[in-house]
Engineer: 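Dropping a structure here in structure tokens format, bear with me for questions.
What you see is a predicted model; the values in this text were computed from it and never measured. Below, chains carry the letters A, B, ... as their sequence lines are ordered, and counting in each starts from 1.
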2 protein chains.
Amino acid sequence: MTPVSSAPGGRRVSMADVAAHAGVSSQTVSRVSNDSSKVSEPTRDKVLQSMRDLGYRPNSAARALKRGHFRTLGIITFTMTTYGNVRTIDAIAQAAAGAGYATTLLPVRVPTQRSVHRAFGRLEELAVDAVIVIMETNLRDSDHLILPPGMPVVVVDADHGAGTYGVDADQVAGARKVTEHLLNLGHETVWHIAGPQASHAARRREEAWRASLEVAGRAAPPAIRGDWTARSGYEAGLQLPAGAECTAVFCANDQMALGLYRALRQTGRRIPQDVSVVGFDNIEDSDSFDPPLTTIDQDFEELGRECVEEVMEQLRDPTMPSRRPVVRTRLVVRDSTAAPAK
Amino acid sequence: MTPVSSAPGGRRVSMADVAAHAGVSSQTVSRVSNDSSKVSEPTRDKVLQSMRDLGYRPNSAARALKRGHFRTLGIITFTMTTYGNVRTIDAIAQAAAGAGYATTLLPVRVPTQRSVHRAFGRLEELAVDAVIVIMETNLRDSDHLILPPGMPVVVVDADHGAGTYGVDADQVAGARKVTEHLLNLGHETVWHIAGPQASHAARRREEAWRASLEVAGRAAPPAIRGDWTARSGYEAGLQLPAGAECTAVFCANDQMALGLYRALRQTGRRIPQDVSVVGFDNIEDSDSFDPPLTTIDQDFEELGRECVEEVMEQLRDPTMPSRRPVVRTRLVVRDSTAAPAK
DNA sequence: GCGTGCTATGTTTACGTAAACATTTTGAGT
DNA sequence: ACTCAAAATGTTTACGTAAACATAGCACGC
């Protein structure tokens with residue numbers, strides 16, 4: 001028999017339909033559909049058969065209404081074009097799935113006040129138990145996170161005030177490790193190709209780079225600003241001074257480092273003999289750059305796990321303060337860094 | 001007054017609570033919450049004020065139950081590590097958002113029979129009106145898409161039988177354009193670094209490459225198989241014969257082309273003077289490869305739009321057959337291809 | 001002054017599920 | 001056979017919303 005999938009009247013098949021078909025009460029159908037304990041073998045089989053016959057599919061809306069939750073997390077994200085965001089989203093989705101939660105994407109195209117408000121407005125409608133915001137980009141002050149009241153929120157990668165839940169990678173330690181690595185190799189100073197002004201991560205990496213140079217008593221050259229893309233890294237690279245003045249460059253991400261590679265080669269400089277290059281992110285491709293790129297590895301899986309962990313914490317007990325975990329970063333030394341030529 | 005966010009009894013604030021607080025019926029609250037027409041100005045203000053006072057947030061589950069839909073699409077995806085998948089997911093999410101739909105991710109780690117079944121099982125529970133499956137990887141026959149009955153489905157990037165809804169990029173035309181471009185430049189034949197055996201897209205690109213060579217009466221060298229990663233492209237590149245025997249290589253994606261660049265340079269060959277290289281995908285970075293990569297651009301935005309379009313079609317009228325749209329591909333010629341040395 | 005028709009609001013009900021409680025059946029122990 | 005507990009199943013109800021229907025108020029024309 002092929003499933004009919006719609007009850008008399010054209011409605012979707014409900015428990016009541018299955019119950020009638022199997023000659024039991026709807027509660028028994030419910031039991032089979034859920035615990036499936038406390039139901040005798042023959043009854044269960046009968047009900048399961050009826051479910052198949054009718055093409056029964058539980059109504060998630062009714063379930064959620066009854067249970068009071070969706071087992072679904074929302075992710076507000078401004079872009080999926082940067083590597084870090086994608087990895088973070090993926091990691092969150094995996095971790096959430098592990099905890100039995102699905103993940104709903106709420107893409108916000110441009111971080112203007114209007115679009116953010118609209119997105120957060122739509123959140124009200126969303127079938128979601130909690131929200132993770134991947135900030136990445138600065139909002140103007142007036143846009144400050146106006147979230148639905150009573151909705152647990154975790155913010156990733158943002159300057160957040162006290163009282164909010166947040167998770168972040170240890171950008172500062174990462175940038176410090178880069179700078180120290182290069183100075184230890186004997187470079188006089190380190191140049192920096194920064195990410196966009198609006199990005200929290202970019203700002204923190206830049207500040208940590210500058211601070212590390214200061215601690216070491218070195219003069220910080222002016223930062224050159226890119227926009228995360230390889231193309232902007234290429235253009236930034238063309239602005240670097242030629243000759244011995246610039247022997248080491250720290251790129252705020254690996255993609256810009258790729259662009260920098262091309263700019264350096266085009267202007268006749270070898271990596272690492274003439275210029276050492278370090279990236280940030282450890283994208284999958286970076287070990288196949290030519291030469292393989294020295295970079296900072298961020299543990300996105302852990303970041304995702306921590307996000308989900310924080311959310312779950314908040315769902316369990318909304319009064320609990322955030323642990324505000326910081327995910328470690330790790331220097332991966334490959335072949336793009338070396339001591340400067342004498 | 002700060003919102004209380006919970007009604008007497010600890011429950012979330014409901015319409016009834018707002019209604020009581022504002023001294024109106026719950027239906028009036030519903031009207032304000034929805035159309036907001038047919039309500040007098042003073043009443044509306046009163047209700048809105050009560051909503052704010054109590055921190056009212058509509059219950060999406062109850063709404064969905066009443067309305068019969070969630071305005072949410074599900075995406076089943078096997079990996080978010082390949083560029084194409086991410087772009088597709090992003091495009092779908094954007095297109096869905098444009099149509100007023102949210103997007104729920106359902107990541108399936110390994111495409112084994114068990115995990116797929118489990119995921120599709122969880123789908124039953126999912127608060128979703130329809131599903132888009134980004135196949136990408138072959139399932140073993142026994143795993144064939146067992147989806148909940150009555151759930152609209154669109155499959156991307158798969159060999160699908162008749163009767164299903166599907167969308168795909170025109171892999172064949174893309175691969176043909178590549179081969180013809182290289183032959184037209186004067187190359188005797190074209191080598192191929194293929195994607196993994198299990199991938200539909202990889203298989204179709206490989207077949208089209210081989211067919212194009214046949215049509216031109218050229219012998220097809222053995223395909224070298226990679227796994228989409230830059231590292232595998234590097235390793236495949238090391239297996240290419242040295243010398244004039246191999247002057248043109250078509251990589252099944254851009255990342256493998258990046259690895260190939262390194263292998264070629266390492267074995268003393270220049271691009272494009274000694275070897276021409278073509279990729280597939282036109283990833284954002286490929287114009288910053290050194291040299292900028294000739295590749296095939298896939299219009300992922302259109303792919304995403306078409307997916308959503310197909311889903312909407314099916315939601316409107318489940319009996320309608322699929323248009324089975326095919327998204328165009330475009331050859332982007334940059335600096336990695338040239339005529340072979342004489 | 002009295003229907004007539006409209007607008008604003010209230011009342012009832014149903015959506016599909018599952019908890020809580022009620023009842024029946026089963027079976028083990030005497 | 002009879003008691004009693006446990007297991008299996010049934011009945012009632014509530015979850016929060018919104019459609020459908022009902023009613024009250026009010027302006028307007030004759």
Side-chain angles (χ1 to χ4, degrees), chain A residues 5-47 50-51 54-71 124-127 129 148 150, chain B residues 5-47 50-51 54-71 124-127 129 148 150:
Chain A
S5 296
S6 74
R11 296 176 355 277
R12 266 257 310 270
V13 178
S14 77
M15 276 190 169
D17 302 314
V18 176
H21 184 273
V24 299
S25 76
S26 67
Q27 183 57 64
T28 299
V29 178
S30 171
R31 278 191 269 257
V32 171
S33 181
N34 293 306
D35 19 285
S36 73
S37 81
K38 303 283 186 184
V39 178
S40 71
E41 204 58 43
T43 308
R44 187 199 334 286
D45 290 347
K46 200 168 54 179
V47 170
S50 293
M51 283 179 171
L54 299 178
Y56 170 72
R57 198 151 57 81
N59 180 316
S60 345
R63 279 205 165 159
L65 174 59
K66 199 85 209 16
R67 293 179 175 164
H69 57 79
F70 290 99
R71 298 191 80 76
E124 307 251 304
E125 310 245 321
L126 223 52
D129 302 317
Chain B
S5 296
S6 75
R11 297 177 352 279
R12 268 254 313 267
V13 177
S14 77
M15 277 193 168
D17 302 313
V18 176
H21 184 272
V24 299
S25 77
S26 67
Q27 184 57 64
T28 300
V29 178
S30 171
R31 277 190 271 258
V32 172
S33 181
N34 293 307
D35 19 287
S36 72
S37 80
K38 305 283 188 183
V39 178
S40 72
E41 204 59 43
T43 306
R44 187 199 334 285
D45 291 347
K46 202 168 50 178
V47 171
S50 291
M51 284 179 170
L54 299 178
Y56 169 73
R57 198 153 57 83
N59 179 316
S60 343
R63 279 205 164 159
L65 174 60
K66 200 86 212 5
R67 293 179 177 164
H69 58 79
F70 288 100
R71 297 190 80 76
E124 306 252 303
E125 311 246 318
L126 223 52
D129 301 318

Engineer: Closer than 4.0 Å, any side-chain N/O of A:Arg67 to the OP1 or OP2 of C:dA18?
Structural biologist: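 Answer is yes, contact under 4.0 Å.
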
Engineer: Go through the side-chain N and O atoms of A:Ser33 and A:Arg63 and say whether any donor and acceptor fall under 3.5 Å apart.
Structural biologist: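 Distance-only check passes for A:Ser33 and A:Arg63.
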
Engineer: Run the side-chain contact (heavy atoms from CB on, under 4.5 Å) test on B:Val47 and B:Arg31 for me, step by step, so that the C-alpha distance in whole Å, both residues' side-chain angles and the decisive distance to 0.1 Å come before the verdict.
Structural biologist: CA-CA 10 Å; B:Val47 171; B:Arg31 277 190 271 258; over 6 Å; no

Engineer: When the distance from NZ of A:Lys46 to C1' of D:dT9 is rounded to whole Å, what number comes out?
Structural biologist: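 After rounding, the reported distance stands at 10 Å.
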
Engineer: Grab the NE2-P distance between B:His69 and C:dG16 for me, whole Å please.
Structural biologist: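 Answer to the nearest Å: 14 Å.
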
Engineer: Nearest whole angstrom, please: distance from the C1' of D:dA19 to the CG of B:Leu65.
Structural biologist: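 Those two atoms, CG and C1', are 13 Å apart.
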
Engineer: Checking B:Ser25 against B:Thr28: is there a side-chain donor and acceptor pair closer than 3.5 Å?
Structural biologist: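 Note: B:Thr28 and B:Ser25 side chains meet the donor-acceptor criterion.
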
Engineer: For C:dG16, does OP1 or OP2 lie under 4.0 Å from any side-chain N or O of A:Arg12?
Structural biologist: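 Checking A:Arg12 against C:dG16: no side-chain N or O falls below 4.0 Å of OP1 or OP2.
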
Engineer: Output yes when a side-chain donor or acceptor of B:Ser30 lies under 3.5 Å from a complementary backbone atom of B:Ser26, and no otherwise.
Structural biologist: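 A pair under 3.5 Å: no.
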
Engineer: Just by protein heavy atoms under 4.0 Å, how would nucleotides 8-14 of chain C read 5' to 3' in B, S and -?
Structural biologist: SBBB--B

Engineer: Can you tell me the distance, in whole Å, between the CG atom of A:Asn59 and the C1' atom of D:dG16?
Structural biologist: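 Rounded to the whole Å, the gap is 14 Å.
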
Engineer: Using only side-chain N and O atoms of B:Asn34, determine if any of them is under 4.0 Å from OP1 or OP2 of D:dT17.
Structural biologist: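 No, no such contact exists.
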
Engineer: Is there a donor-acceptor pair closer than 3.5 Å between any side-chain N or O of B:Asp45 and the backbone N or O of B:Pro42?
Structural biologist: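 Answer holds: no.
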
Engineer: Given axes from five pairs at either end, by how many degrees does the helix from C:dG1-D:dC30 to C:dT30-D:dA1 bend, rounded to 10°?
Structural biologist: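 Angle reported: 40°, given to the nearest ten degrees.
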
Engineer: Just by distance, do the side chain of B:Arg12 and the backbone of B:Arg57 share a donor-acceptor pair under 3.5 Å?
Structural biologist: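 A pair under 3.5 Å: yes.
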
Engineer: Can you name the closest pair of heavy atoms from B:Ser60 and A:Leu126 and give their distance?
Structural biologist: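 That closest heavy-atom pairing would be OG-O, 2.8 Å.
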
Engineer: Where do A:Leu65 and B:Ala62 come nearest, in terms of heavy atoms and distance?
Structural biologist: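 Taking A:Leu65 first and B:Ala62 second, the nearest heavy atoms are CD1-CB, 3.8 Å.
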
